[in-house]
J.: 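Before anything else, here's the structure in question.
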2 protein chains.
Amino acid sequence: MDESTELLAVRVAELYYEENKTQDEVGALLGITRWKVGRLLTRAREAGIVRIEIVHPRARRLDIERQLRDRFGLKDAVVVPLPAEDEEVSPRVAQAAADYLAAVRPIPRTLGVSWGRTLDEVARLLADGWTIGVQVVQINGGVSLNSKQGTAAQTAVTIAQKGHGQATLLPIPAILEQVETKRAIERDRTVASVRALGASASAYLYSAGVAGASSVHVDSGYLTESDVDELVAKGAVGDVVGRYIDSAGKIVDSALDERTVGIGLDELRAAEHAIFVVAGDAKHDVARAVVTSGLCSVIVTDEATAHALLEETT
Amino acid sequence: MDESTELLAVRVAELYYEENKTQDEVGALLGITRWKVGRLLTRAREAGIVRIEIVHPRARRLDIERQLRDRFGLKDAVVVPLPAEDEEVSPRVAQAAADYLAAVRPIPRTLGVSWGRTLDEVARLLADGWTIGVQVVQINGGVSLNSKQGTAAQTAVTIAQKGHGQATLLPIPAILEQVETKRAIERDRTVASVRALGASASAYLYSAGVAGASSVHVDSGYLTESDVDELVAKGAVGDVVGRYIDSAGKIVDSALDERTVGIGLDELRAAEHAIFVVAGDAKHDVARAVVTSGLCSVIVTDEATAHALLEETT
DNA sequence: CCACCTGCTGCTCATCTGAGCAAGTGGCCC
DNA sequence: GGGCCACTTGCTCAGATGAGCAGCAGGTGG
């Protein structure tokens, strides 16, 4: 587009978009036909002279969502735009996840949930009465060795309450010290029934943790910093429902995995709705592992993470 | 607008503006009628959820221009939007002035010009061949006591050259020390004919200076800093074609004014096209004085200045 | 010099869209 | 409960708009 055309396009755009004139009027005013006006407007939009943007905390990036679905064969994707500089993305992603959950059809009767800061936020932002009667089941062991007792339970309970349903908890450690203990616990009738309920869920909602010193597992005392360092050395990028995976989505340490209580990754892969919520720059690697290895059918994330996932040279 | 409607409006806007669907399609997708879609879009635009902006260095703010015209009874106004943080406004305003000048109809055969940094920039940005054959006349005395010799002349010459015409200069001091000298000079046949030519111009192009230590008159040695301080004490806000005015557009010091060579303010007020170019936060006060006292028929300025002019409680 | 291609222009026509209107809905006061 | 008012909803219809097409100008290579 040469300079005079561009200038004309600017004038046309101003009269059309800012002065709310019809294309015909604009044409008359500038001495050109209305078809030319229409074409200039199209060009102006394409050239980015006219920028139309949707400014809203609940807005989404449908174009990127489509790319994610296509590239990774997802059933669905939700991408939240980057907020203004001084705002956090995580509440927006959590809100989007809450919105998505409330809109899942058919309405899930049984919902398997993991726990963590992200899911906590989702629970908090979920609309009261988001559904009528839901069975919420914890799908992996909770935080309980030291502080923060009960936050894992709180997440599930909040989601259940707001959905006018009830929560079934799995109040046992996330990781046990001995395989035998883990097996023994799983044989327990109560625990087994919770596990069975979890396995039968029609939808799962979970997030991921980053493998590093700040991991929740270190915080809660299930693993030491050196345990995590070792996992990282073996290629771990993060954990999903308590299980550490490498960039290919494979279990990093099968012995550790044997001692981890809760749903297995294959169950997640087979699930109809496996809703994966992930936000923040630190989690790009785990997110990539989850998405490329088919661990989720739906991803809810922010624009930066989505870009990171798509930017890979495939 | 309640929250759920707002959320719906956001979804509608996304599908309509970002996915380029028709209102009918959007309606079908969200299970609402196309009329509702249309109304939601209107509301979304009004509420600022959908923001349409024109991003271009040559863009203008037509809404503000109209307000300026209406408020101050101007024949026309050109307002340039605020550029991105790291860019200057003055080149944009100068460009706009150049564009405006080239578009004045009927084409001015004789153009009276003042001088200064702003007008220099306008001359530089003027398109080559902006008109065919124009008589450019300097309307006030030039800078010449010390450095910068010839910049005033340069402005007029450039404008003339680019318009395939010729410049008539007024190569005498802007302010003389004695009224007698000034009168003597004006009686000179050559000078008188230039003044006459200037008075017959069909259009004038000029800017304004701020009354202060950094004034061009101090720089060029016509006035001392204390002279200017005194003018300020008497209420001067700035100068137009070398003449210092107060906030009401009145001459501040008639003795000084008597010693100033060039077009009179009343001639400007009576002119058909008196194009006033002004940019920058420092010039808000002079701009207000010029505009409220009818010194110009057209103003070319930036959005910040325009806002400052309109914000007054009248 | 001419056939050919490319990009622009103005047009027709089908579709899309907004203004305005009548009917419906829900809150609110008596 | 009845009636009033503000607001929303679905509709008609005219006007606005985009897709597609033929004609034309200007450049290009044989």
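Protein chains get the first letters and strands the later ones, always in sequence-line order, with residue 1 at the start of each.
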J.: Pairs in or reaching into residues 97-113 of chain A: which pass side chain to side chain donor-acceptor pair (under 3.5 Å), with residues at least two apart or in two chains?
T.: Arg58(A)-Asp99(A), Asp76(A)-Tyr100(A)
J.: Main chain of Leu310(B), side chain of Arg71(B): is a donor-acceptor contact present, judged purely on distance under 3.5 Å?
T.: yes
J.: Under 3.5 Å, is there a donor-acceptor pair between the Tyr17(A) and Arg45(B) side chains?
T.: no
J.: Determine, for nucleotides 9-22 of chain C in 5'-to-3' order, which nucleotides have protein heavy atoms under 4.0 Å from the base (write B), from only the sugar-phosphate (write S), or from neither (write -).
T.: BBBBB--SBB-B--
J.: State whether the number of non-hydrogen atoms from other residues, nucleotides or ligands found under 6.0 Å of Arg69(B) atom CZ is greater than 12.
T.: yes
J.: Could you check whether Glu272(B) and Ser202(B), counting side-chain N and O atoms only, form a donor-acceptor pair closer than 3.5 Å?
T.: no
J.: Look at Glu46(B) together with Arg43(B) and state whether they make a salt bridge at an N to O cut-off of under 4.0 Å.
T.: no
J.: Among Arg66(B), Arg61(B), Arg60(B), which residue meets the side-chain contact (heavy atoms from CB on, under 4.5 Å) test with Ile64(B)?
T.: Arg61(B)
J.: Give me, pair by pair, the N or O atoms of the protein and of nucleotides 24-27 of chain C that are less than 3.5 Å apart, along with how far apart they are.
T.:
none

